Protein chains: 2
Amino acid sequence: MSETPKRSKNQLKSHIRAQNQALILSTAERVFARQGLAKTTTQMIANEAGLPKANIHYYYRSKKDLLEAVLESILQLWLDSVSQFNVETGPRHNLTRYISEKLDQSRLNPNASKVFAMALIGEEPFVLEFLRRYFVDELQKEKQTIDTWVAQGLMKPVAVEHLFITIWAMTQTYADFDAQVKILLQKDELDESDFDEAKQFVTRMVLLSCGVEEA
Amino acid sequence: MSETPKRSKNQLKSHIRAQNQALILSTAERVFARQGLAKTTTQMIANEAGLPKANIHYYYRSKKDLLEAVLESILQLWLDSVSQFNVETGPRHNLTRYISEKLDQSRLNPNASKVFAMALIGEEPFVLEFLRRYFVDELQKEKQTIDTWVAQGLMKPVAVEHLFITIWAMTQTYADFDAQVKILLQKDELDESDFDEAKQFVTRMVLLSCGVEEA
DNA sequence: GAGAAAACTGACCGATCGATCAATATCTAC
DNA sequence: GTAGATATTGATCGATCGGTCAGTTTTCTC
């Protein structure tokens with residue numbers, strides 16, 4: 001976040017600030033995901049973080065500021081994950097890895113996915129702006145990579161936008177709508193084996209549609 | 001709703017009640033979808049329906065009652081749509097029809113999909129109970145139908161639960177997250193041709209994964 | 001350890017919203 | 001037409017919530 005000037009011990013310029021901001025941010029992400037954006041009160045976040053409400057407002061002026069801070073940390077994480085497509089290792093490896101990684105994210109951090117989903121459905125300007133600013137260009141890079149693979153005969157031509165839209169839909173549905181998935185699979189909780197089945201299923205679907213043979 | 005006793009003209013027992021409830025219900029669905037559940041105030045619904053707020057509460061005791069009424073009408077519509085699988089016309093026709101129908105629903109009534117999505121993410125007990133009560137059994141019927149097709153050699157065996165989870169995810173993403181889709185497709189509005197491309201893409205994916213040749 | 005900066009917090013405020021209610025009006029059955 | 005049922009609505013209440021602020025405590029700097 002900030003440069004680290006010469007300093008005794010291991011304290012940043014304002015270690016208290018950094019520490020409390022991090023605590024509030026992670027707590028807020030959890031509560032936002034559980035309660036929804038509008039239903040979440042600053043009091044809930046304060047209680048769960050073990051701080052007085054006024055202290056929350058000391059670090060984040062408004063509830064909207066706090067929400068945007070949470071969203072930014074989520075979106076940055078996701079952007080990093082998309083940008084790891086590597087043209088040299090070919091479509092099978094990259095698509096398999098990406099789907100696996102997205103489903104791991106859904107399993108390990110469903111809250112983040114839900115916060116993003118709710119903000120997107122609600123068309124929060126902050127999220128739309130972030131997508132416009134960063135994801136559109138990123139998708140162009142993946143499009144070029146896939147074009148290269150097609151030219152090399154490694155896969156069939158596909159509608160890249162729809163490919164990513166459907167991959168995101170399929171992988172995130174296991175986080176966003178996990179309540180529905182649990183009901184349909186008749187399970188109280190989804191375990192790693194459920195996500196492994198989902199990985200297999202989604203990966204097979206995607207590879208087939210790209211004309212890539214499975215391993 | 002109620003039985004129709006012998007009556008002059010074409011009026012039900014309480015035509016005023018039925019009329020106003022219908023007006024409030026359709027207005028509420030629209031506003032809930034636009035504003036989100038918690039952000040929607042009864043005043044907004046009242047304004048948009050052209051009624052005083054107290055009149056809304058005369059027909060629906062609480063905001064929660066109204067939300068549940070809206071959700072029930074949405075879920076009933078969807079349940080009807082799932083239950084049209086017909087074993088006699090084979091997998092290709094049925095899967096193609098179902099995906100087309102789901103994407104038509106996403107295009108023509110994105111609001112309904114969004115209301116459901118938000119309620120599901122928020123794990124509204126009413127929605128979960130409805131899914132448990134009706135959709136689980138319905139899915140069993142589709143499972144049997146598909147088993148029959150597999151036995152007839154019309155398609156490969158698939159994980160039916162994951163098949164429907166992913167079909168729902170892919171088709172509803174074009175309604176729920178249309179804002180994201182618009183940004184990635186660089187369009188101000190999604191038109192029928194965008195949905196036709198989505199239909200083609202999703203249908204091809206699903207049919208390939210089921211081992212069904214395309215038409 | 002003194003002075004300044006940063007952090008903390010209880011108490012409070014204004015606005016909003018769901019819900020109620022008493023009144024009045026309208027409709028229906030006979 | 002009249003009595004009872006049904007429908008309508010302005011006014012208002014109580015609760016909740018985001019946000020503020022003044023006063024205090026803690027931490028940092030020299």
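Only a predicted model underlies this, so the values are computations on that prediction, with no experimental measurement involved. These numbers come from the heavy atoms of this one structure, side chains and all, not from hydrogens, waters or symmetry mates.
- Scored by the side-chain hydrogen bond (donor to acceptor under 3.5 Å, both in side chains) test, Thr41(B) finds no partners at all (sequence neighbours excluded).
- For Asp104(A), the side-chain hydrogen bond (donor to acceptor under 3.5 Å, both in side chains) test picks out Lys199(A), with sequence neighbours left out.
- Distance, Ile16(A) CD1 to dT25(D) C1': 12 Å, rounded to whole Å.
- Contacts with DNA chain C (heavy atom under 4.0 Å) in residues 117-128 of chain A: none are found.
- In this structure, Asp194(A) contributes its side chain and Glu197(A) its backbone to no donor-acceptor pair below 3.5 Å.
- Among pairs with a residue in residues 167-197 of chain A, those fulfilling ring-ring contact (aromatic ring centres under 6.0 Å, His included) read Phe164(A)-Trp168(A), Tyr174(A)-His162(B), at least two apart in sequence or across chains.
- Checking the phosphate oxygens (OP1, OP2) of dC28(D), a side-chain nitrogen or oxygen of His15(A) falls inside 4.0 Å.
- Of the residues in residues 21-38 of chain A, none has a non-hydrogen atom less than 4.0 angstrom from any atom of DNA chain D.
- Listed by first then second residue, pairs satisfying salt bridge (Lys or Arg N to Asp or Glu O under 4.0 Å) with a partner in residues 37-47 of chain A read Lys39(A)-Glu124(B), not counting sequence neighbours.
- Counting only residues at least two apart or in different chains, ring-ring contact (aromatic ring centres under 6.0 Å, His included) contacts with residues 99-121 of chain B comprise Trp78(B)-Phe116(B).
- Taking a 4.0 Å limit (strictly below) on heavy-atom distances, residues 39-68 of chain B reaches DNA chain D at Pro52(B), Ala54(B), Asn55(B), Tyr58(B), Tyr59(B).
- The salt bridge (Lys or Arg N to Asp or Glu O under 4.0 Å) analysis of residues 67-83 of chain B, with sequence neighbours excluded, yields no pairs.
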Could you pull out all donor-acceptor pairs under 3.5 Å where a side-chain atom in residues 17-32 of chain A meets a protein atom, sequence neighbours excluded?
unit_1: Asn20(A); atom_1: ND2; unit_2: Tyr59(A); atom_2: OH; d: 3.4
unit_1: Ser26(A); atom_1: OG; unit_2: Ala22(A); atom_2: O; d: 3.4
unit_1: Ser26(A); atom_1: OG; unit_2: Leu23(A); atom_2: O; d: 3.2
unit_1: Thr27(A); atom_1: OG1; unit_2: Leu23(A); atom_2: O; d: 2.7
unit_1: Arg30(A); atom_1: NE; unit_2: Glu48(A); atom_2: OE2; d: 3.0
unit_1: Arg30(A); atom_1: NH2; unit_2: Glu48(A); atom_2: OE2; d: 3.3

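- The salt bridge (Lys or Arg N to Asp or Glu O under 4.0 Å) contacts involving residues 175-185 of chain B comprise Lys114(B)-Asp178(B), Lys182(B)-Glu189(B), where partners must be two or more places apart or lie in separate chains.
- For Asn20(A), no side-chain nitrogen or oxygen approaches OP1 or OP2 of dA6(C) to under 4.0 Å.
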What donor-acceptor contacts under 3.5 angstrom involve side-chain atoms of residues 134-144 of chain A, with partners at least two apart or in another chain?
unit_1: Lys143(A); atom_1: NZ; unit_2: Glu161(A); atom_2: OE2; d: 2.6

